[in-house]
Each structure stands twice: as structure tokens, then as C-alpha cells.
Amino acid sequence: MIRWSTAGESHGRALIALLEGMPAGVEITSADIKHALWRRRLGYGRGTRQKFEQDTLTILSGLRHGRTLGSPIALEIGNSEWPKWEVVMSPDPVPLESLLVDAGTGDEREVSRNKALTRPRPGHADLVGMNKYGFDSAREVLERASARETAARVAVGELAKQLLRQAAGIEIVSQVVGVGSVDRPVELALPQPSDSDALDKSDVRQLNTELADAFRAEVDAAKADADTLGGVVEVVAWNVPQGLGTYVRGSDRLDARLAGALMSVQAVKGVEIGDGFETARRRGSAAHDEISRNGGSIARETNRAGGIEGGMSNGEPVVARVAYKPISTVPRSLRTIDTATGEETTALHQRSDTTAVVPGAVIAEAMVAIVLAEVLVEKFGGDSLAEIQRNIQGWWEALPEVRK
């Protein structure tokens, strides 16, 4: 069984990711994980924080000479900005006078960083988190609620991707299909694994040049208005074998697990599998994927179900679309209340992006990879990569020819 967790705060010393249940023998290096972290930092509309706050990866356990050992994998993603926050975010009590020392730039940075944040942002975890945990400042909330935590998820996701690729030939790719009010055209093709490099090079993660230009214009307009944008990303997993997931337990349905994992990402407000809401507007005769013979195997004529039927993968590409809300740190500060005084005011504003939809696609890839790795190991078992490969091969050989 694959299990994973993360720890750490946005301005803390480091993020930690722990992955248990990874089979032995999967080939992966620190360069692979660093590349995944780099991909998460890309995107048109990103703020200045991405330019100076770097991720420093340290693999603490679970790998030797580029191969997984089958033991827990622990990763540390250090924060290059930690020296500026070491006093303010110290796990131990600090004397008040230490917060009055400047940060080496001639000003009292620690004073500013340690200031109580009592003007919670609408749309953020600030206010409810303060009430739930009994904090007087939003600092204690936003540090963990921050989407910087997704760096740890992306690192885990890269491990999962390598397992999927090497065990079953599964490839995962994503594209941005909507930014703000600019929507994807109906005829937009699914991204292919061969598109991955080109999509990484696109600052809006879209190869349709007309649509890409429209995305950039939408971001520019929002930035000029001191506003933020959300959007929609599309993740496709190719070569997924049939039979992952189940229909016998609701919580273990593949679509339920994908939706839950994707909804757990900060700022995600909607998930659809396949054609999702569009299918709800169709008649049954035009909603389902008819089955036909395609050479030596059977196939669906269409893939409106997004590769999942009855809670199980059906052998077609698994398709998920994820809706991200606009970033809640809005330069044009929104109305709120000051929790210290009870008076109406405007929300606090820290550095933020205009939009984070492009990195949102990379994060969604990671979550899809993690879920698929979980269900792959549950279905085919094995302590090593070689054992899982044999089990997958045995599964295919055991299927009647007419059902392959």
C-alpha cells in the first residue's frame, strides 16, 4: 500500500515529503525530482517570489544509486529564504529584542514579518483557521495553508510517475484549457505524451497559438486591474490498464479517489472526469462510449467517460479537468474585518501571482500520478518493480481474447 504525507510551512526551514510503499527497483534520481520542482515554478502571471525563493532538494532516505529500496522515501525541500525568516518562524521562543534586529538591509524586516496579521483575506483559510485553532494572527494559518506545500506533492508525484512509467508504460501530461473568461474551444485535442516538452516551454502551457495569445491577454488585463485569475487545467493519463479501482466500495472508486485528491489541492473548486458536466446535458444515446473491435482488441468509439466506467479504468486515456479559483491574495484589497478591533477594513496583501493556473496543471499531474500509483500497487501488488511488471503481464495474458 502506498501512503504519503507532507509537513512544513511556507516560510519555514523546509518542506518534508514522506512516501511509503514504493516498490524496490524503480529508477529515479535527484535530477528527476528537481526537474519536476522546476516545472512547478513556470508560468505566465507568476509573481516575483518564484525568482528568488528556490527549492533545495535533499533525498534523506529510500534511494541508493538511483534506485528505490522499497523502504520509506523521505525528501527535504529546503527554502533558500529561510535565513530571512529564521527568527520570525523559529520553533522555539525568541526574545522580543531579537525581533527588532534588521535583516541586514538597514531596515527592521523582522518587525514587519512578525507583525500580527489580523485582516483575514476573503477566500483564504485565514479567518476560519484562526477561529478553529484559536490563533490571534493569520500568520499561523497561512504558513501551512499556503500552496507552497504543493512543492512536496510534486516531488512525491514525480516518484509516482516513474513507477507508473516503468511498471506499466503510463504517461501523464497536462495542458491549460481555460484562463479567466477565456475557455477552450470544443475541438481542442487532448495533449499527447510527445507534447510534454513543448508544453513545458509554453509559458501558458498551451500549444494552440491563438488560444495561448488569448490567455496571455487575459492575464495582462487582470494584472493591469490589480486583480487575479483562476482557470481550468486538463490532465490526461495514457496507457492506463483496465481494472484499476473498483465498483464494490464507493470510496475506492477510481473517479472518487481522483476527485478527492484533486480537490485537496489549494484553490481547486471543481473536478470533472471526462466530459463531466457536458455529458449531463446530453441524451443517453449521445452520452456513452460505444464498444467496437479495433484490430486485436476492443476499444471505445469515443472517450466521453474519461477512461473510467463504474469506478474502474476501462483502458482508454484517463481524463480529468480541474478548476482553480482566482488567487485570494488580491492586490485590489477586498473588504474584511480586523479581528483585533472588529472594525471593517481591507484584507492584508502579500506578494502573489496574477494567476497560478500553469503550475496548477503540474500539481494536478502529480495528484493524478499519486492516485494511479496507489491503485496500480493495490491491483498488481509486489515488493519490487519486476514483480509488479510480471503481475501486469499475467493480468493481460489471463484476459479472454474477446475482452482485451
Side-chain angles (χ1 to χ4, degrees), residues 2-10 15-19 33 36-43 45-47 49-50 55 75 77 121 123-126 128-129 141-161 164 172-180 199 205 228-237 251 254-273 276 306 318-329 352-375:
I2 287 180
R3 296 180 297 183
W4 64 279
S5 62
T6 71
E9 286 75 45
S10 179
L15 295 170
I16 297 294
L18 179 65
L19 176 63
I33 302 173
L37 293 171
W38 167 79
R39 293 176 68 232
R40 177 187 165 276
R41 305 180 70 83
L42 303 176
R46 293 286 259 163
R49 183 174 179 178
Q50 305 306 316
D55 299 321
L75 307 175
I77 304 170
R121 292 162 291 180
H124 203 280
D126 295 349
V128 177
V141 178
L142 64 85
E143 286 292 340
R144 179 59 183 173
S146 168
R148 176 161 165 72
E149 181 265 351
T150 59
R153 300 189 190 212
V154 168
V156 173
E158 182 60 25
L159 289 159
K161 281 186 179 182
L164 294 170
I172 300 176
V173 63
S174 68
Q175 64 178 354
V176 175
V177 296
V179 175
L199 284 164
R205 202 161 188 82
T228 60
L229 289 173
V232 179
V233 305
E234 180 176 69
V235 182
V236 185
S251 61
L254 179 56
D255 41 6
R257 292 175 69 163
L258 285 170
L262 290 165
M263 284 294 293
S264 76
V265 176
Q266 296 87 336
V268 169
K269 298 300 285 186
V271 176
E272 69 174 1
I273 305 298
V318 171
V319 182
R321 296 186 191 91
V322 184
Y324 283 88
K325 68 180 181 181
I327 294 168
S328 54
T329 301
S352 72
D353 306 327
T354 302
T355 183
V357 178
V358 173
V362 175
I363 296 161
E365 279 184 34
M367 299 311 299
V368 169
I370 291 169
V371 171
L372 290 179
E374 290 171 347
V375 296

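- Expressed to the nearest 0.5 Å, how far CD of Gln266 lies from NZ of Lys325 amounts to 10.0 Å.
- Side-chain atoms of Val368 and Leu262, non-hydrogen and from C-beta on, do get closer than 4.5 Å to each other.
- Taking the side chain as every heavy atom from C-beta outward, Ile363 and Val154 approach each other to under 4.5 Å.
- For the atom pair Ile370 CD1 and Ile2 CD1, the distance stands at 9.0 Å (nearest 0.5 Å).
- Residues forming a salt bridge (charged side-chain N to carboxylate O under 4.0 Å, His left out) with Arg321 (at least two apart in sequence, or on another chain): Glu234, Glu272.
- Inter-residue side-chain proximity for Thr150 and Thr6 is flagged as unmet; no heavy-atom pair is nearer than 4.5 Å.
- Arg3 pairs by the salt bridge (charged side-chain N to carboxylate O under 4.0 Å, His left out) definition with Glu20, not counting sequence neighbours.
- Residues forming a side-chain contact (heavy atoms from CB on, under 4.5 Å) with Ala261 (at least two apart in sequence, or on another chain): Met367, Val371.
- Nearest heavy-atom pair, Ala369 versus Leu164, reported as atom, atom and distance to 0.1 Å: O-CD1, 3.5 Å.
- Here the shortest heavy-atom pairing between Ala373 and Ala160 reads CB-CB, 3.8 Å.
- Contacts of Ala151 classified as side-chain contact (heavy atoms from CB on, under 4.5 Å), with partners at least two apart in sequence or in another chain: Leu15, Leu37, Arg40, Ile77.
- Inter-residue side-chain proximity for Leu75 and Leu159 is flagged as met; some heavy-atom pair is nearer than 4.5 Å.
- Contact of the Thr355 side chain with the Tyr324 side chain is not registered, since no non-hydrogen atoms from C-beta on lie closer than 4.5 Å.
- Note: Arg121 CZ to Thr329 OG1 = 3.5 Å, rounded to the nearest 0.5 Å.
- Nearest approach of Gly129 to Val141, heavy atoms of both residues: C-CG2, 3.6 Å.
- For Asp255, the side-chain contact (heavy atoms from CB on, under 4.5 Å) partners at least two apart in sequence or on another chain are Arg253, Ile273, Ile308.
- Rounded to the nearest 0.5 angstrom, Leu199 CG and Gln175 CD are separated by 6.5 Å.
- Using a 4.5 Å cut-off on side-chain heavy atoms (C-beta onward), Arg153 and Val362 make no contact.
- Here the shortest heavy-atom pairing between Gly180 and Leu229 reads CA-CD2, 3.9 Å.
- Remark: Lys269 NZ to Met263 CE distance equals 6.5 Å, nearest 0.5 Å.
- Here the straight-line distance linking atom OG1 of Thr354 with atom CD1 of Ile327 works out to 7.0 Å at 0.5 Å rounding.
- The salt bridge (charged side-chain N to carboxylate O under 4.0 Å, His left out) pairs that include a residue from residues 356-369 are Arg39-Glu365, Lys161-Glu365, Arg205-Glu365, where partners are two or more places apart or lie in different chains.
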